[in-house]
2 protein chains.
Amino acid sequence: MNNKEKLRKAGLRPTKQRMIIADILLDGINRHFTAENLQNEINSSGNSMSIATIYNCLKKFRNCGLIKQVESSKDTAIFDTNINQHHHFLDEETGELIDIENDEVNLRKLPKIPQGYLNNGVEVLIKIKKQI
Amino acid sequence: MNNKEKLRKAGLRPTKQRMIIADILLDGINRHFTAENLQNEINSSGNSMSIATIYNCLKKFRNCGLIKQVESSKDTAIFDTNINQHHHFLDEETGELIDIENDEVNLRKLPKIPQGYLNNGVEVLIKIKKQI
DNA sequence: AAGTAGTTTAGAACGATTTTAAAGTAAATA
DNA sequence: TATTTACTTTAAAATCGTTCTAAACTACTT
């Protein structure tokens, strides 16, 4: 399926701007990035785009499940093109994230989900620190 | 041990402002809060404090291990008085966090920590969604 | 009591993100 | 095809959480 079809299937109009972003993000390669990272990539591909559009687009892509947003207490939002359930190492000093594939973690026991709620995904974060 | 001693032991001078905050936070009750939440509590206890002082103090308390900062992609930093290793449910729509005690989760298998790094804590986040 | 090192403060500054409102574009309709 | 309508993009301003600045203050040491 090409990117135009992917956007249509997600319920998003394939505008010029969304196609530029889709061409960068939806190539099957897993990556972590910020809005600013993406703007730099767009610029160096010879295009340009308002930062507001980039934020709008990332929010739409995330809400449609085309990308994910990583849970991490950094001051900048970090997005992830790997939409499968998976986990991360986090170096808290640098903010660097490293993927952990789902089958590398085995959760034997999980608590009962609170009454009235549904499980919407489990994320394991292993905080790591550079050895001195 | 009283709060003055706790601060001293952590290497922090027990100033008037730090004592006010310690009296609110270090009562053994687990809670999640933001800097603004804390300022409101301080105000309603008849005291007042610059927001800069509150941020300074929370950062010092966190760095000394008196409180924790929760990993979550909310736009506001969330702190936690529960300093034991534990986990959370997160309602992504409201940002509400619910504690999961450590013994309610059993991690059977964890990946190898990357070369040159040390494990600095494992956090499990179970994202939940209100049933409709 | 005097010195000094650490702390608090208001307000300015900052950086990420969102809002605004006007102009532009894609899709639907006639 | 022309027209209409709803959605999208944009630059710039606004907002929000957080940090910085530098001057006044305070805890501890001598």
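Naming convention: chains lettered A, B, ... in sequence-line order (proteins, then strands); numbering from 1 in each chain. Bear in mind that the values here come from a model prediction, so they are computed numbers and not experimental data.
One can place CG of L12(B) at 13 Å from P of dG6(C), the figure rounded to the nearest angstrom.
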Using a cut-off of under 3.5 Å, enumerate the N/O to N/O pairs linking the protein to nucleotides 24-30 of chain C.
residue: dA27(C); atom: OP1; partner: R8(A); partner atom: NH2; Å: 2.7

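Using a 4.0 Å cut-off between a side-chain N of Lys or Arg and a carboxylate O of Asp or Glu, E92(A) and K129(A) do not qualify as a salt bridge. The pair E41(B)-R31(B) counts as a salt bridge, with a side-chain nitrogen and a carboxylate oxygen less than 4.0 angstrom apart.
Across all non-hydrogen atoms, the minimal contact from L7(A) to P14(A) is CD1-CA, 3.8 Å. Across all their heavy atoms, M49(A) and Q39(A) have their closest contact at O-NE2, 3.0 Å. Contact detail for H86(B) and N82(B): the closest heavy-atom pair is CE1-O, 3.0 Å. Heavy atoms only, all atoms of each residue included: K130(B) and Y117(A) are closest at NZ-OH, 3.4 Å. Heavy-atom minimum distance, S73(B) versus V70(A): CB-O, 3.4 Å.
At a non-hydrogen distance threshold of 4.0 Å, A52(A), Y55(A) from residues 36-57 of chain A come into contact with DNA chain C. Contact check of residues 58-72 of chain A against DNA chain C (heavy atom, cut-off under 4.0 Å) returns K59(A).
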| request: Apply the test side-chain contact (heavy atoms from CB on, under 4.5 Å) to residues L38(A) and L25(A): give CA-CA distance (whole Å), side-chain angles for both, the deciding distance (0.1 Å), then the verdict. | output: CA-CA 9 Å; L38(A) 181 57; L25(A) 298 182; 4.1 Å; yes

| Could you go step by step and tell me if L110(A) and V122(A) meet the side-chain contact (heavy atoms from CB on, under 4.5 Å) rule? | CA-CA 10 Å; L110(A) 281 182; V122(A) 177; 4.1 Å; yes

| message | Go through it in stages, so that I can follow the logic: the residues are L90(B) and I98(B), the test is side-chain contact (heavy atoms from CB on, under 4.5 Å), and I'd like the CA-CA distance, side-chain angles, deciding distance and then a yes or no. | response | CA-CA 7 Å; L90(B) 168 65; I98(B) 302 169; over 6 Å; no

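The line from CZ of F79(B) to CD1 of I67(B) is 5.5 Å long, rounded to the nearest 0.5 Å. From F89(A), atom CZ reaches atom CD1 of I100(A) across 4.0 Å, with rounding to the nearest 0.5 Å.
For the helix from dA1(C)-dT30(D) to dA30(C)-dT1(D), the rotation axes defined at the first and last 5 base pairs enclose an angle of 20°, given to the nearest 10°.
The closest side-chain donor-acceptor pair between T34(B) and N37(B) falls under 3.5 angstrom.
Of all nucleotides in DNA chain D having an atom under 4.0 Å from a heavy atom of chain B, the first and last in 5' to 3' order are dG17(D) to dC28(D).
Applying the ring pair (Phe, Tyr, Trp, His ring centres under 6.0 Å) rule to H87(B) yields no partners; only residues at least two apart in sequence or on another chain are considered.
Partner of D80(A) under the side chain to side chain donor-acceptor pair (under 3.5 Å) criterion, chosen from R62(A), K68(A), H88(A): H88(A).
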